[in-house]
Amino acid sequence: MAEAEGSSPLLLPPPPPPPPPPGMAEVEVPTAAETDKKQVSCSGGGAMDVERSRFPYCVVWTPIPVLTWFFPIIGHMGICTSTGVIRDFAGPYFVSEDNMAFGKPANGPNAWDTAVHDASEEYKHRMHSLCCDNCHSHVALALNLMRYNNSTNWNMVTLCFFCLLYGKYVSVGAFVKTWLPFALLLGIILTASLAFNLR
C-alpha cells in the first residue's frame, strides 16, 4: 500500500535498550549534527529519523481515513524493530515491512527483534478482522512474546489506551491530521442539532 504524505506518527515511549553482551563495548549513537539528518533523540538508545520513518524500539500509530475522523482513538498500529523498520499487520495474511498501511506513522538482532519477527510470522497466516484480530493484536502479541514491561497481558484495548495516554505526536501537523476532521464533524453535528432544536 502506498504511503500517504503527511501522516501523523504517534509513538509510545520505547523500552530501555538491552545491555550489550558481556565483553562488548557500548557504541555511542551519532548526533543529528554528526549525521546531518533530521532526527529526534530516542530514549530507547537509537535515534528516531522522522523523515525516513525510523523509530527504533517503538510502537507507532497512524490515523485511518474516515474511521479516525469519527473515532479519533481508532487508528492503525505497527511495531518497529531495533533498527526502526516498521512491521504492521496490514491485511489478511499480510504483514507489511517498512511500508505502513495508511501512511507514515503518526502517534515509538536481540530479543525485541525476535519477538517482532515471530509475531509477524504468526500474523502472516491469519485473516485480518477490523474488530477482533487486527494490527493492535499483532503488536500485542509481539509485546507479550518479549514480556514487555514484565507482562504477558497486552491486548488491543490496553494498547489503545496506552497510545491515547502516553503516545506522543511527532509534529503539530500529525496532531492536526488526527483531530481536525473529528473536530469539524463534531462541529457540523452540533450545529445541525442546535439548528433543528431551536426551530
Side-chain angles (χ1 to χ4, degrees), residues 1 3 7-21 24 26-27 29 39-64 75-130 132-164 166-168 170:
M1 295 184 188
E3 289 188 352
S7 291
S8 45
L10 177 69
L11 308 169
L12 285 179
M24 297 200 65
E26 290 190 36
V27 178
V29 177
Q39 294 182 335
V40 179
S41 175
C42 180
S43 62
M48 289 188 231
D49 184 345
V50 177
E51 287 178 8
R52 292 182 52 227
S53 294
R54 292 288 189 260
F55 306 97
Y57 301 105
C58 290
V59 171
V60 293
W61 181 93
T62 191
I64 299 173
H76 184 67
M77 185 175 284
I79 188 165
C80 302
T81 64
S82 61
T83 59
V85 174
I86 301 169
R87 303 293 305 267
D88 64 302
F89 185 39
Y93 314 106
F94 178 68
V95 176
S96 162
E97 181 172 321
D98 215 19
N99 188 16
M100 193 170 184
F102 305 106
K104 294 180 181 178
N107 243 335
N110 57 30
W112 178 277
D113 286 344
T114 301
V116 171
H117 176 268
D118 291 350
S120 297
E121 289 302 310
E122 171 70 26
Y123 271 81
K124 286 180 182 178
H125 305 287
R126 291 195 184 185
M127 181 66 174
H128 190 282
S129 167
L130 185 62
C132 299
D133 201 12
N134 55 34
C135 55
H136 292 71
S137 306
H138 168 245
V139 172
L141 177 60
L143 294 175
N144 286 332
L145 289 173
M146 69 180 73
R147 300 185 56 81
Y148 181 76
N149 221 15
N150 207 22
S151 173
T152 57
N153 295 321
W154 294 98
N155 60 50
M156 66 175 138
V157 175
T158 56
L159 284 172
C160 177
F161 285 110
F162 264 77
C163 273
L164 184 64
Y166 302 110
K168 296 178 181 167
V170 297

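- With contacts defined as side-chain heavy-atom distances shorter than 4.5 Å, the pair L159/L143 qualifies.
- Judged by distance alone, the side chain of N155 and the main-chain N or O of V157 form a donor-acceptor pair under 3.5 Å.
- In plain terms, the two heavy atoms of C163 and M77 that are nearest each other are SG-CE, 3.4 Å.
- Between C80 and Y57, every side-chain heavy-atom pair lies at or beyond the 4.5 Å cut-off.
- Closest non-hydrogen pair, C132 versus M156, comes out as O-CE, 3.1 Å.
- The closest side-chain heavy-atom distance from W112 to I79 is below 4.5 Å.
- Here the closest non-hydrogen pair linking A115 and A142 is CB-O, 3.5 Å.
- Of all the heavy atoms in S120 and H138, the pair that sits closest is OG-NE2, 3.2 Å.
- Applying the salt bridge (charged side-chain N to carboxylate O under 4.0 Å, His left out) rule to pairs touching residues 132-149 yields R126-D133, sequence neighbours excluded.
- Put simply, the side chain of N134 never gets that close to the backbone of H128: no donor and acceptor are under 3.5 Å apart.
- The side chain to side chain contact (heavy atoms under 4.5 Å, CB included) test with S137 singles out one residue from Y123, F89, W154, and that residue is Y123.
- At least one side-chain heavy atom of R54 sits less than 4.5 Å from a side-chain heavy atom of V85.
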